Amino acid sequence: MNNVTKMLVVLLVIGVVSGGLLAYISDWATPIIKENARLETERAVLEVHPGSTKQIKIDNAGFELYQVMNEKGDITGYAMPNEGTGFQGKVKIMMGMTPNLDEITGLKVLDQVETPGLGAEIVKDYFTGRFKAISTQPEIKSVKGKKPENPNEIEAITGATISSVAVVKIMNDGIKKVKDYLSTQEKKEGAK
Amino acid sequence: MMSKQVSYWTEFYKGLYDQNPIFRQVLGMCPTLAVTVSGPNGLAMGLATSFVLLFSGIVISSLKNLIPKQVRIAAYIVVIATFVTIVDIVMKAKFPEMSKDLGPFIPLIVVNCLILGRAEGFSSKNNITRSVLDGLGMGVGFTIGLTILGGIREILGSRTIFGLQVLPDAFEPWVIMILPAGAFLTLGLLFGLLNFVELKKKTKKIKEDQQRALAEIKKLTESSEEDLAVKEG
């Protein structure tokens with residue numbers, strides 16, 4: 001066997017063996033990874049709706065939207081994950097809303113790459129807790145350096161205004177989406 | 001073949017101190033600086049790298065006579081990339097939290113110069129036993145280095161060690177320690193400390209050698225004086 005053939009054969013064999021091995025492992029891992037992601041979302045949905053126990057994914061919304069219920073089956077609100085741009089990159093959140101979308105029931109930051117110690121503080125409970133029972137009418141606003149006066153205002157983190165404002169913007173965008181979806185649904189119901 | 005064969009223990013131990021990948025060879029600086037924001041992250045990165053080092057070492061040293069010289073780097077990279085992908089997939093499936101924390105740095109192990117360096121510089125010239133020992137030694141050395149670095153940054157940057165609070169709330173965390181700059185500062189100080197220790201060791205050795213030489217000279221002069229005395233006597 002001359003050298004060129006040998007090179008080709010050796011690389012081919014290594015490539016095929018490696019590909020086969022990876023395909024096998026990927027087959028084993030893919031369902032587990034999917035399951036992990038699903039469980040994480042489920043946990044987050046219930047986390048932003050304290051007191052609720054059940055959730056249904058709404059399929060025809062065109063985006064991820066969950067309807068949340070308590071033990072008795074009463075609808076306690078909606079939860080949706082949404083993402084947008086923060087100070088350094090993508091910020092992904094999960095937020096919970098009351099059934100009429102008037103109030104926020106909870107917020108959790110799922111993913112972010114903000115500056116540690118400053119922007120990354122948005123994941124901490126002291127910040128996400130500020131959104132509890134905040135009014136969405138007409139939309140959420142962040143204020144800087146003073147205590148919030150109106151029911152729709154939250155205080156931004158000192159030194160991390162951009163990240164705080166980003167979270168607020170992502171929430172407002174999300175609420176708008178849910179609102180649009182629900183009103184079109186109502187129209188459809190009415191047409192029937 | 002290798003001109004000199006060192007003992008198996010030395011083959012393993014060299015990675016821990018004498019040729020420590022981080023502090024002595026200064027290899028693999030990208031993960032060293034980027035992921036060591038906390039002890040657990042450093043440890044996980046170290047273990048992942050060790051796994052790849054060990055298995056790519058085994059495969060490459062057993063294939064070393066089959067792979068033609070001209071395509072060896074390509075072959076090594078495919079082998080290394082396979083093991084890195086395995087680590088990445090397994091971590092995503094079994095340790096999702098850690099995999100999220102380390103993010104793109106796990107796939108980036110492929111380009112960690114430490115691994116290709118050991119493959120080309122060691123495994124391709126030595127047998128499997130030695131490659132295993134070398135891989136383990138380098139892996140453990142790398143892991144220890146990353147964990148120390150991560151531990152120091154975690155204590156000063158977030159007051160905790162492996163998630164347990166060790167410094168009181170009164171201690172204001174040094175945010176800079178968990179920012180990239182903190183990695184450079186910590187690494188630089190550790191390098192300095194190690195060089196200082198080495199220097200001390202060397203000076204001590206030189207002094208000892210000097211004293212030994214002096215004692216030797218003294219003994220020699222004494223004996224030659226005695227010889228003279230005997231002759232003259």
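Residue numbers begin at 1 in each chain, while the letters A, B, ... track the order of the sequences. Values in this document were obtained by computation on a predicted structure and should not be read as measured data. In what follows, every heavy atom counts, from backbone to side chain, and hydrogens, waters and symmetry copies are set aside.
Only the side chain of E40(A) comes within less than 4.5 Å of a heavy atom in chain B; its backbone stays farther off. Contacts of K100(B) with chain A are made by side-chain atoms alone, with heavy-atom separations under 4.5 Å and no backbone atom involved. Contact of L8(A) with chain B is not made at all, since no heavy-atom distance falls under 4.5 Å.
When all heavy atoms of K6(A) and N65(B) are compared, the pair lying nearest together is NZ-O, 4.1 Å. For the residue pair P68(B) and N3(A), the shortest heavy atom distance occurs at CB-OD1, 3.9 Å.
Chain B forms more heavy-atom pairs under 4.5 Å with one residue of V113(A), D111(A), L118(A) than with any other, namely D111(A).
Using modelled atom types, one side-chain atom of N36(A) and one backbone atom of A93(B) make a donor-acceptor pair closer than 3.5 Å.
Here the side chains of V90(B) and W28(A) are in contact, with some heavy-atom distance below 4.5 Å.
To the nearest 0.5 Å, the span separating OG on S18(A) from CD1 on I86(B) amounts to 8.0 Å. Here the OG1 atom belonging to T85(B) is positioned 9.0 Å from the CD1 atom belonging to I25(A), to the nearest 0.5 angstrom. To the nearest 0.5 angstrom, L22(A) atom CG is 6.0 Å from I89(B) atom CD1. Atom NZ of K92(B) and atom CD1 of I32(A) lie 13.5 Å apart (nearest 0.5 Å).
Residues of residues 30-50 of chain B never come closer than 4.5 Å to chain A when only heavy atoms are counted. Scanning residues 176-188 of chain B against chain A with a 4.5 Å heavy-atom cutoff picks out I178(B), L179(B), ordered by number.
Within 6.0 Å of the CZ atom in F196(B), the count of heavy atoms belonging to other residues, nucleotides or ligands does not exceed 12. In this structure, Y13(B) places its OH atom where only 12 or fewer heavy-atom neighbours from other residues, nucleotides or ligands lie under 6.0 Å away. Under a cut-off of 6.0 angstrom, the local environment of CZ in F95(B) is sparse, with at most 12 non-hydrogen atoms contributed by other residues, nucleotides or ligands. The environment of N60(A) atom CG is dense: over 12 non-hydrogen atoms of other residues, nucleotides or ligands sit within 6.0 angstrom. Other residues, nucleotides and ligands contribute only 12 or fewer heavy atoms inside 6.0 Å of the NZ atom of K176(A). Open room surrounds NZ on K169(A); 12 or fewer heavy atoms of other groups in view lie less than 6.0 Å from it.
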